[in-house]
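Residue numbers run from 1 in the order of the sequence given.
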Amino acid sequence: MSSLPPGPSSSRLARPTRRTLLGAGAAGAALLGLAACGSGSSDSASAGTKGGGKSGGKATRTVDSAKGPLEIPDKPQRVVAINDFPMSAIFDLGLTPAGLFNAGEEYVPRRDLERWRKVPKVSNGVGGAIEVEKVAALRPDLIIGIDVQANLPYSQLSELAPTVLLPFSKSKAPWRDMSDQTAAVLGVPTALDKLKGRYTQRVAEIKQKHAAVLGRVHWDLLQGGFDEGQWWLYGAGSPIGGILAEAGAQFATATQRLAEQQPTSYELITAKLSDADAIFYYTTNDGKPANLGPKLFAQKSFKQLAATKADHLYGSDYFLPGGYEDALGVLDDFEKALTSL
């Protein structure tokens, strides 16, 4: 799911476009029944939305967005997700968007792949620009994206339907915040509560069951990178670092010292990764190292790492989580690694 390097403000845009990660007949009914997932207008108000009036005879609500307050349909039926964060949240809600941005099939989690294939794509190829004409053809009544999307035709999209940009730039845990905010925008702010409970339970289970291994193993977190000669190191404060830390992971020096994530040259492989007991890395949905991962793993210095020699390399296609189900996927893959260790 990555075509852009995952800097502090774009850790999720970094997937040749996996979920941005996330027709007209079938798509028309895609979000029917959405209201049944929520618990009424009082919940919507508590989630940061305000009761509205009517527009064209249809009930509306006012929601917050990165562009300011915005009036949207009270019960949107045809939602286009122009980024993979709202797409992930919509899938987590058990719904299907009317259209979505094409982040690249290999970056879509195995769990969502069949649904993803059936939804019309509104970008110009994998990772391409949003095409207003494709969005218009789907007759959306709501469009959801994030505020750091480059070259977004916001004014043109807004003429088609209310376009809510979520404040990704202000989030330290976007997989959690964007999910919660998407659910609130859709008028179902409590619909993800069961997933939140499962996540909390899984964190506690892993910490208790694998305490001995967690106490002795130190991890580095990485992905293969996007530019020749570089790979990406992820810090304890990155989204993936935060999830593993909640599950009790201890980090090796380089990951522990890094707040978020940064590109790193091949020349620093030994210096950065030599004290890691194990490495957790990003894969595509077929289990292969993502992006330029194969080139990184083929480096002589990488092969000579203690973690590599011990065969303590563990991959996950949920490494760049987009929502609660992805976070649970991370925990599942992390527990498999702990069990192996």
Side-chain angles (χ1 to χ4, degrees), residues 11-12 19 21-22 36-40 42-44 46-48 84-95 109-112 166-168 170-219 221 234-251 255-256 259-261 278 280 282 314-341:
S11 64
R12 237 334 254 222
R19 308 178 180 171
L21 277 215
L22 245 178
C37 298
S39 54
S42 61
D43 282 337
S44 297
S46 67
D84 53 355
F85 278 102
M87 182 204 77
S88 293
I90 291 171
F91 281 169
D92 283 359
L93 288 164
L95 306 167
R110 290 154 288 177
R111 176 193 67 247
D112 296 328
L166 305 175
F168 179 98
K170 297 181 179 180
S171 175
K172 294 298 183 181
W175 66 268
R176 195 191 315 256
D177 295 341
M178 299 302 96
S179 293
D180 291 344
Q181 292 170 26
T182 297
V185 168
L186 295 179
V188 289
T190 63
L192 293 172
D193 284 357
K194 288 185 178 180
L195 284 179
K196 295 179 187 181
R198 280 177 53 200
Y199 176 82
T200 301
Q201 181 180 9
R202 288 289 288 129
V203 163
E205 289 172 350
I206 290 171
K207 291 177 73 172
Q208 180 179 16
K209 182 178 179 180
H210 300 280
V213 177
L214 288 166
R216 65 177 171 79
V217 176
H218 291 77
W219 298 81
L221 313 174
Y234 283 70
S238 66
I240 182 65
I243 292 172
L244 297 192
E246 287 186 340
Q250 297 189 77
F251 299 116
T255 289
Q256 181 60 48
E260 294 183 337
Q261 55 270 336
F280 200 71
Y282 178 37
Y314 303 97
S316 176
D317 61 334
Y318 303 107
F319 188 95
L320 300 181
Y324 285 96
E325 287 281 12
D326 284 358
L328 286 164
V330 168
L331 294 177
D332 288 346
D333 287 341
F334 185 51
E335 183 170 39
K336 291 176 185 176
L338 293 173
T339 300
S340 174
L341 289 164

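With hydrogens and angles ignored, the 3.5 Å screen pairs a side-chain donor or acceptor of T255 with a backbone N or O of Y234. The closest donor-acceptor contact from the side chain of S340 to the backbone of K336 lies at 3.5 Å or more, if one exists at all. In terms of modelled atom types and a separation under 3.5 Å, the side chain of D92 and the main chain of E325 share a donor-acceptor contact. A side-chain donor-acceptor contact under 3.5 Å links T182 to the backbone of M178.
The minimum heavy-atom distance between G323 and S179, with the atom names listed, is CA-OG, 3.3 Å. What you find for L331 and A247 is that their closest heavy atoms are CD2-CB, 3.8 Å. Here the shortest heavy-atom pairing between L320 and Y282 reads CD1-CE2, 3.8 Å. Residues D177 and S171 approach most closely at OD2-OG, 2.6 Å, considering heavy atoms. Here the closest heavy-atom approach between residue G241 and residue F251 is recorded as O-CZ, 3.5 Å. For L221 against G235, the heavy-atom pair with the smallest separation is CD1-O, 4.3 Å.
Within the 4.5 Å cutoff, side-chain heavy atoms of L166 are placed close to those of V185. Using a 4.5 Å heavy-atom threshold, the side chains of F168 and Q181 count as separate. Annotation: side chain of I243 is in contact with side chain of Y199 (closest heavy-atom distance under 4.5 Å).
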Quiz item: For L192 and L195, what are the C-alpha separation, side-chain angles and deciding distance, and is it a side chain to side chain contact (heavy atoms under 4.5 Å, CB included)?
Solution: CA-CA 5 Å; L192 293 172; L195 284 179; 3.9 Å; yes

Quiz item: Run the side-chain hydrogen bond (donor to acceptor under 3.5 Å, both in side chains) check on D180 and Y324 step by step: do they pass?
Solution: CA-CA 9 Å; D180 291 344; Y324 285 96; 2.9 Å; yes

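Note: F280 and W219 have perpendicular aromatic rings, judged against thresholds of 30 and 60 degrees for the angle between ring planes.
Distance check, rounded to the nearest 0.5 Å: CG of D333 to OH of Y314 gives 12.5 Å. In this structure, CZ in F334 is found 9.0 Å from CD1 in I240, a value given to the nearest 0.5 Å. To the nearest 0.5 Å, atoms CG (D112) and CZ (F91) are separated by 5.5 Å. Taken to the nearest 0.5 Å, the CD atom of Q261 stands 5.5 Å off from the OG atom of S238. Separating the CZ atom in R111 from the CG atom in D317 is a distance of 8.5 Å, to the nearest 0.5 Å. Summarising the geometry, atom CZ belonging to R176 is positioned 9.0 Å from atom NZ belonging to K196; distances are rounded to the nearest 0.5 Å.
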Under 3.5 Å, which donor-acceptor pairs link side chains of residues 206-217 to any protein atom two or more places apart or in another chain?
{"residue": "H210", "atom": "NE2", "partner": "E335", "partner atom": "OE2", "Å": "2.9"}
{"residue": "R216", "atom": "NH2", "partner": "L341", "partner atom": "O", "Å": "2.9"}

